[in-house]
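Computed from heavy atoms alone, side chains included, the values below leave out hydrogens, waters and symmetry copies.
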Amino acid sequence: MDINSLLCTKSDCTCGKVHTCDIENVIIKKNAISELLREDICGKYEKIVLVCDNNTYKAAGEKVEKVLGDKVETLVLFQTDGFLVPNEESVAVLRAKLTGDTQLIVGVGSGVINDLCKYVSFNKGLPYYIVATAPSMDGYASKGAAMLMGGMKITYNTHVPKCIIGDVDVLRNAPLEMIKSGYGDIIGKFSCLNDWRLSQVVNGEDVCEYIYGLTYETTLGMSKMGKAVIARTDDSIEYLMKALVIVGIAMAYMGNSRPASGSEHHLSHYFEVVGLLRNEPYFCHGTDVAYSMYETQKMREKLLTLDAPAKKEFDREEWEKNIRRVYGTSADGIIALQEKLGWIYEDKMPIYTAKWNEIKKVLSEVPSCEEIKQMLCDAQLPLDDFYRMYSEEKLADAVIYAKDLKDRYTVLWLYNAIEG
């Protein structure tokens, strides 16, 4: 799995598009942090803002600070007892620490630290690096920064890091829940790739077969390594981190998150957004993705039992009432998004009817619920934990209203349009 061979411009793709990835270096191996001072890494910078929280500083930030020495202009250390939230307040704290002399931002952490550094560095016109502390999610190499702005989960199109450091000695000692999360985020690609293919059939959306295949093969390899990942073997942790970066590169190639985010992510975002709004617990992102893949596969298997689709009537007034019930203070933004898209009014039944056999063929290409359950079991992710965390009402609402958080067609739109 040679990641650095992907750090290039691919101009010969059969899809006809030029794919680029602006990452300059990816170093994933044991003792990778020691290479930070290489001339092509941090050797050319003298004023670096180092960003950590109290947990990531202990995991790797202190070592990074020592390696960089006098190059560290400022250490930004977020103090948190729970989850650091990538919101307006966190953005303001980091922006205030930047000076006119700052040349580079180096984040030490995983999802939130990466998104925060990505968002701020992009808006300030600065490069950034990320030193990963956990193989927990696929956003390290992507252009997307998942932020919580105005109470809404918004993914901004920003830029990729110039360098990704994954020190296997650090990664394998990450909390097991974060390792499980990374595994879950990767195996969830079975679902989102199927959503992409479904949209190709229903909407004529372009699918790049190279990017699709790169992501699928990476996911397939990971799906067989659940037990090894839980055992924290060096090889499996290295593969997991490389898989997460490769998926991020696939997103960079595509220019959006389509190869890596679909219905399973929409459910995961729903659990996070509603959890934050109501001060209710939720799983790590990738863990929710893994469980949510199982839920979306239940939908696919139900659809596969139908000989023909039958239209479910849409009640605009009832929909808005429930959006306000479910999303509270975030409802206005969600309603505005869907009104702008107009999808809630669109009747795709003629397409569904005409292409039902083709649609069913696509839906049948995902691992079955039983196969997914085994993947979850291998990684010590029992479904009972999922159903204990979320009530039947919350799960039922997710199936119907998670789709409204995003502007992406997935099986959620198909499932909610059909009676049965």
Give a yes-or-no answer on whether the side chains of Glu370 and Gln374 include a donor-acceptor pair shorter than 3.5 Å. no
Distance (rounded to the nearest 0.5 Å) between Ser191 OG and His266 NE2: 9.5 Å
Write down the atom of Pro259, the atom of Leu193, and the distance for their closest heavy-atom approach. O-CD2, 3.7 Å
For atom CD of Glu393, is the number of surrounding heavy atoms from other residues, nucleotides or ligands below 6.0 Å larger than 12? no
I'd like to check Arg316 versus Glu320 (side-chain heavy atoms, cut-off strictly below 4.5 Å). Are they in contact? yes
Looking at Arg408 and Asp195, does any basic side-chain N land under 4.0 Å from a carboxylate oxygen? no
Between Arg278 (side chain) and Val326 (backbone), is there a donor-acceptor pair under 3.5 Å? yes
Do the non-hydrogen side-chain atoms of Val26 and Asn4 ever get within less than 4.5 Å of each other? yes
Kindly indicate, with the supporting measurements, whether the criterion side chain to side chain contact (heavy atoms under 4.5 Å, CB included) is fulfilled by Ile246 and Ile3. CA-CA 7 Å; Ile246 285 171; Ile3 293 180; 3.9 Å; yes
Determine whether a donor-acceptor pair (N or O, by modelled atom type, separation under 3.5 Å) exists between the side chain of Asp384 and the backbone of Tyr387. no
Any donor and acceptor pair, going by atom type alone, linking the side chain of Lys373 with main-chain N or O of Leu383 inside 3.5 Å? no
Supply the atom-to-atom distance Tyr294 OH to Cys369 SG, rounded to the nearest 0.5 angstrom. 4.5 Å
What distance do Ile249 atom CD1 and Ile211 atom CD1 have between them, rounded to the nearest 0.5 Å? 11.5 Å
Determine whether the aromatic ring centres of Phe283 and Tyr291 lie less than 6.0 Å apart. yes
Indicate whether the side chain of His269 and that of His285 have a donor and an acceptor atom separated by less than 3.5 Å. no
Charged N to carboxylate O under 4.0 angstrom, Asp332 versus Arg324? yes
Identify the heavy atoms of Ile230 and Ala379 that sit nearest to each other, and give their distance. CD1-O, 3.3 Å
Can you find a heavy atom in the side chain of Asp53 that is under 4.5 Å from one in the side chain of Leu77? no
Begin with the C-alpha distance, continue with both residues' side-chain angles, and end with the deciding distance and a verdict on salt bridge (Lys or Arg N to Asp or Glu O under 4.0 Å) for Arg325 and Asp397. CA-CA 10 Å; Arg325 172 182 62 81; Asp397 283 337; 2.9 Å; yes
Cationic N near anionic O, under 4.0 Å, Glu264 to Lys189: no
Heavy atoms of other groups near Lys97 NZ, more than 12 under 6.0 Å: no
Could you give all pairs that pass the ring-ring contact (aromatic ring centres under 6.0 Å, His included) test and reach residues 194-216, with sequence neighbours left out? Phe190-Tyr216
More than 12 heavy atoms from other groups under 6.0 Å of CG on Asp70: no
Which atom names give the shortest non-hydrogen contact between Leu171 and Met241, and what distance separates them? CD1-CG, 3.6 Å
Can you tell whether the side chains of Lys361 and Glu358 come within less than 4.0 Å, N to carboxylate O? no
Check whether more than 12 heavy atoms from other residues, nucleotides or ligands sit under 6.0 Å from atom CD of Glu318, and answer yes or no. yes
What are the two closest heavy atoms between Ala290 and Ile187, and how far apart are they? CB-CD1, 4.3 Å
Point-to-point distance, once rounded to the nearest 0.5 Å, from CD1 of Ile27 to OH of Tyr129: 9.5 Å
Quick check: does any side chain N or O of Asn194 sit under 3.5 Å from a backbone N or O of Val362, one acting as donor and the other as acceptor? yes
Whether the Thr233 and Ser236 side chains hold a donor-acceptor pair (N or O, under 3.5 Å, no angle test) is what I'd like checked. yes
Taking the side chain as every heavy atom from C-beta outward, state whether Tyr140 and Ser110 have any atom pair closer than 4.5 Å. yes
Side-chain donor/acceptor of Gln338 to backbone N/O of Lys406, under 3.5 Å: yes
Would you check if Gln200 and Asp206 make a side-chain contact, meaning some heavy-atom pair closer than 4.5 Å? no
Judged by modelled atom types alone, do Glu339 and Tyr345 share a side-chain donor-acceptor pair under 3.5 Å? yes
List the atom pairs, with distances to 0.1 Å, where a side-chain N or O of residues 155-170 and a protein N or O form a donor-acceptor pair under 3.5 Å, not counting sequence neighbours.
from	atom 1	to	atom 2	distance (Å)
Thr158	OG1	Lys143	O	2.6
His159	NE2	Ser121	OG	2.8
His159	NE2	Phe122	N	3.4
Asp167	OD1	Asn31	N	3.1
Asp167	OD1	Asp169	N	3.0
Asp167	OD2	Ala32	N	3.1
Asp167	OD2	Ile33	N	3.2
Asp169	OD1	Lys30	NZ	2.7
Asp169	OD2	Asn31	N	3.3

Is Glu177 paired with Lys180 through a side-chain N to carboxylate O contact shorter than 4.0 Å? yes
Arg197 bridged to Glu205 by N-O distance under 4.0 Å: no
Check: Thr218 main-chain N/O paired with Tyr239 side-chain donor or acceptor under 3.5 Å: yes
Just by modelled atom types, is the Pro86 backbone N or O under 3.5 Å from a matching donor or acceptor in the Asp115 side chain? no
Does the Thr102 side chain pair with the main chain of Thr99, one donor and one acceptor, at a distance under 3.5 Å? yes
Given 3.5 Å as the limit, does a donor-acceptor pair link the side chain of Gln103 with the main chain of Lys47, or not? yes
Set out, in order, the CA-CA distance, both residues' side-chain angles and the distance that settles side chain to side chain contact (heavy atoms under 4.5 Å, CB included) for Thr296 and Tyr415, then state yes or no. CA-CA 9 Å; Thr296 63; Tyr415 186 81; over 6 Å; no
Chi angles and distances behind the side chain to side chain contact (heavy atoms under 4.5 Å, CB included) call for Ile344, Phe314: CA-CA 8 Å; Ile344 53 176; Phe314 174 69; 3.7 Å; yes
Should the pair Lys394-Glu280 be classified as a salt bridge under the 4.0 Å nitrogen-to-oxygen rule? yes
Can you tell whether the side chains of Glu24 and Lys44 come within less than 4.0 Å, N to carboxylate O? yes
To the nearest 0.5 Å, atom CG of Leu244 lies from atom CG of Leu240 at 4.5 Å
Would you say the side chain of Leu104 lies within less than 4.5 Å of the side chain of Leu126, judging by non-hydrogen atoms? no
Min side-chain heavy-atom separation Asp234-Glu238 under 4.5 Å: no
Residue pair Ser181 / Gly286: nearest heavy atoms and the distance that separates them: OG-N, 2.8 Å
Can a salt bridge be assigned to the pair Lys348 and Glu346 using a cut-off of 4.0 Å between side-chain N and carboxylate O? yes
Between Asp288 and Ser292, is there a side-chain donor-acceptor contact under 3.5 Å, judged purely by atom types and distance? no
Does a salt bridge link Arg300 with Glu365, judged by any charged N lying under 4.0 Å from a carboxylate O? no
Student check: side-chain heavy atoms of Thr287 and Leu381 closer than 4.5 Å: yes
Minimum heavy-atom distance Tyr183-Gly226, with the two atoms named: CE1-CA, 3.5 Å
Among Phe271, Tyr282, Tyr270, the one residue meeting ring-ring contact (aromatic ring centres under 6.0 Å, His included) with Tyr390: Phe271
